[in-house]
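What follows is a single structure, written as structure tokens, with notes after it.
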Amino acid sequence: MPESSEQTLKLAIPKGSLEGPTLDLLAKAGYEVYVSSRGLRPASNDPELDLYLIRAQEVARYIDQGFIDCGITGYDWASEFEDNLVDLTELPYSRATPRPTHWVLVVPEDSPIRKPEDLQGKRIATEGVAITERYLKAKGIDAEVEFSWGATEVKVPDLVDAIVDVTETGSSIKANKLRIVDTLLTSFPHFYASKGAFEDPWKRQKMERLTLLLKAALEARDKVGLKMNLPADKLSALLEKLPAMRRPTISQLSEEGWVAVETVIDEKVVRDIIPTLKEIGAEGIIEYPLNKIVP
Ligand SMILES: Nc1ncnc2c1ncn2[C@@H]1O[C@H](COP(=O)(O)OP(=O)(O)OP(=O)(O)O)[C@@H](O)[C@H]1O
Ligand SMILES: O=P(O)(O)OC[C@H]1O[C@H](OP(=O)(O)OP(=O)(O)O)[C@H](O)[C@@H]1O
Ligand SMILES: [Mg+2]
């Protein structure tokens, strides 16, 4: 375990839906976090980090109050504190996909509610009471909003007329035979800092370095490196046929008439590209995973 450090940065990691993907991202960024089964103050391989596992809903409030220097949480839960926080960066990852989450107004498939205005005088259950009330107010709709502790999908139509819930893949909506009436908010995780921490030169530099590494790790996601040797006279054929190979590095090989080509491409096109490269005349093709890309 690394030695303790003089100066530390108090960083909150969201406990719950985002915990797993956030720990994976931190690891890719170079920060191994060791979470024990009940421990909410995880250790890490960086003695300058003082880590807290805090519910996503509460991260922004503790940063706002200055108890925590910075943290990762969904934009949805931080939006009401937005004016008091420094938004260091958006981090485009989710629980299961690279897509953002949506807070949606949902009713049973056969509900008579077709548009938001049909909610006038109705009852809505949600974990996001503030998000829902802000939305209704903006639309001038008067409806009763009650807090839900979760498993919200089960409440329509017997307990309430509609719900507002998070959706990512849409599978919960489908499984519960629900229909989306409107989208209230779209959210990715963000890395937020308190204004106080941002004004502290040491903390600011530490957070900016962390931001760079987190973004670099996300940038490298779903990309791979590709390297090969190629007869020099086939180079133009290769570049013509493979527009996916943007800005490759070309270097001369010691063997006359041959070049080495190196590039970064989306992993999803690799299975089409490698056989084509072989057909064009490439040899010694290697594909390798990437941890970080810093533009
Ligand atoms: N299915 C999901 N896919 C991706 N992100 C999600 C999903 N559910 C929630 N999130 C995101 O994770 C954060 C926390 O979500 P939420 O408030 O639902 O708490 P939770 O961690 O899922 O815990 P709970 O079990 O109480 O719902 C939010 O920023 C939200 O946008
Ligand atoms: O569109 P999907 O990919 O299906 O994701 C949406 C589901 O994920 C969240 O549930 P969670 O697991 O947080 O449980 P909860 O119902 O206790 O909030 C959300 O409340 C939905 O139920
Ligand atoms: Mg949830």
Side-chain angles (χ1 to χ4, degrees), residues 11-26 33 35 37-40 42 51-64 68 70-82 85 87-109 111 124-135 145-160 162-193 214 218 221-222:
L11 169 73
I13 297 170
K15 185 162 174 53
S17 284
L18 294 175
E19 180 179 334
T22 303
L23 295 176
D24 290 347
L25 176 65
L26 281 164
V33 177
V35 180
S37 64
R38 299 293 309 152
L40 300 176
L51 298 171
Y52 293 75
L53 264 178
I54 295 178
R55 297 283 305 166
Q57 298 89 333
E58 300 185 311
V59 167
R61 180 161 52 88
Y62 286 117
I63 299 174
D64 173 39
I68 302 281
C70 56
I72 296 172
T73 191
Y75 165 76
D76 41 13
W77 290 120
S79 54
E80 60 186 295
F81 298 95
E82 222 171 4
L85 304 180
D87 188 355
L88 295 167
T89 191
E90 181 178 73
L91 299 168
Y93 67 93
S94 241
R95 186 159 77 179
T97 69
R99 293 194 299 270
T101 55
H102 304 280
W103 281 83
V104 284
L105 172 64
V106 182
V107 294
E109 272 169 4
S111 164
I124 308 169
T126 181
E127 287 182 62
V129 172
I131 292 170
T132 308
E133 284 180 340
R134 213 186 313 156
Y135 165 83
V145 182
E146 64 173 45
F147 175 70
S148 170
W149 286 93
T152 314
E153 292 93 338
V154 81
K155 300 187 177 183
V156 276
D158 296 337
L159 308 182
V160 291
I163 62 167
V164 170
D165 202 4
V166 161
T167 178
E168 180 189 357
T169 63
S171 51
S172 308
I173 289 176
K174 208 165 160 198
N176 290 285
K177 296 191 170 31
L178 302 171
R179 166 164 56 80
I180 297 176
V181 176
D182 200 6
T183 299
L184 286 67
L185 191 90
T186 297
S187 173
F188 264 134
H190 282 224
F191 183 27
Y192 293 102
L214 290 168
L218 279 173
R221 183 183 51 178
D222 305 328

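Keep in mind that the numbers below use all heavy atoms, side chains included, and drop hydrogens, waters and symmetry copies. In each ligand, atom 1 is the first atom listed, and ligand 1 is the first ligand listed. As the structure is a prediction and not an experimental result, all values here were calculated from the model.
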Exercise for review: Any atoms of ligand 2 less than 4.0 Å from a non-hydrogen atom of Val166? List them with their elements.
Suggested key: 6 (C), 7 (C), 19 (C), 21 (C)
Check your understanding: Of all the atoms in ligand 2, which lie at a distance below 4.0 Å from a heavy atom belonging to Thr167?
Key -> 1 (O), 6 (C)
Could you name the option among [options] that has the heavy atom nearest to [atom]?
atom	options	value
atom 1 (O) of ligand 2	Arg99, Glu168, Arg95, Glu153	Glu168
atom 15 (P) of ligand 2	Glu127, His102, Lys174	Glu127
atom 20 (O) of ligand 2	Leu18, Val154, Asp165	Asp165

Practice item. Could you check whether the rings of Trp77 and Trp103 sit parallel, tilted or perpendicular, using 30° and 60° as the cut-offs? Key: perpendicular
Between [X] and ligand 1, find which residue part has any heavy-atom pair under 4.0 Å and reply side chain, backbone, both or neither.
X	value
Trp77	side chain
Ala56	side chain
Arg95	both

Check your understanding: Any sub-3.5 Å donor-acceptor pair from Thr73's side-chain atoms to Ala56's backbone N or O?
Key -> yes
Straight-line distance of [X] [atom1] to [Y] [atom2], nearest 0.5 Å:
X	Y	atom1	atom2	result
Asp165	Leu105	CG	CG	11.0 Å
Glu90	Leu218	CD	CG	10.0 Å
Ile13	Leu11	CD1	CG	5.5 Å

Interfacing atoms of ligand 1 (cut-off 4.0 Å, heavy-atom, [X]):
X	value
Arg55	19 (O), 20 (P), 23 (O), 24 (P), 26 (O)
Gly74	29 (O)
Val166	7 (C), 8 (N), 9 (C)
Asp76	28 (C), 29 (O), 30 (C), 31 (O)

**Study point:** Side chain, backbone, both or neither: Ala151 near ligand 2, heavy atoms under 4.0 Å
**Key:** backbone
Check your understanding: Using a heavy-atom cut-off of under 4.0 Å, does the side chain or the backbone of Ser17 touch ligand 2, or both, or neither?
Key -> side chain
Review point. Taking both backbone and side-chain atoms of Trp103, is any N or O found less than 3.5 Å from an N or O belonging to ligand 1?
Key: no
Practice item. Please indicate, with yes or no, if any protein heavy atom is found under 4.0 Å from atom 3 (O) of ligand 2? Key: yes
Review point. Any luck finding a side-chain donor-acceptor pair between Thr186 and His102 under 3.5 Å?
Key: yes
Review point. So, Arg99 versus Ser94: side-chain donor-acceptor pair below 3.5 Å or not?
Key: no
Point to revise | Protein contact to atom 5 (N) of ligand 1 [nearest heavy atom, distance to 0.1 Å] | key: Thr101 CG2, 2.9 Å
Review point. Do any nitrogen or oxygen atoms of Gly150 come within less than 3.5 Å of a nitrogen or oxygen of ligand 2?
Key: no
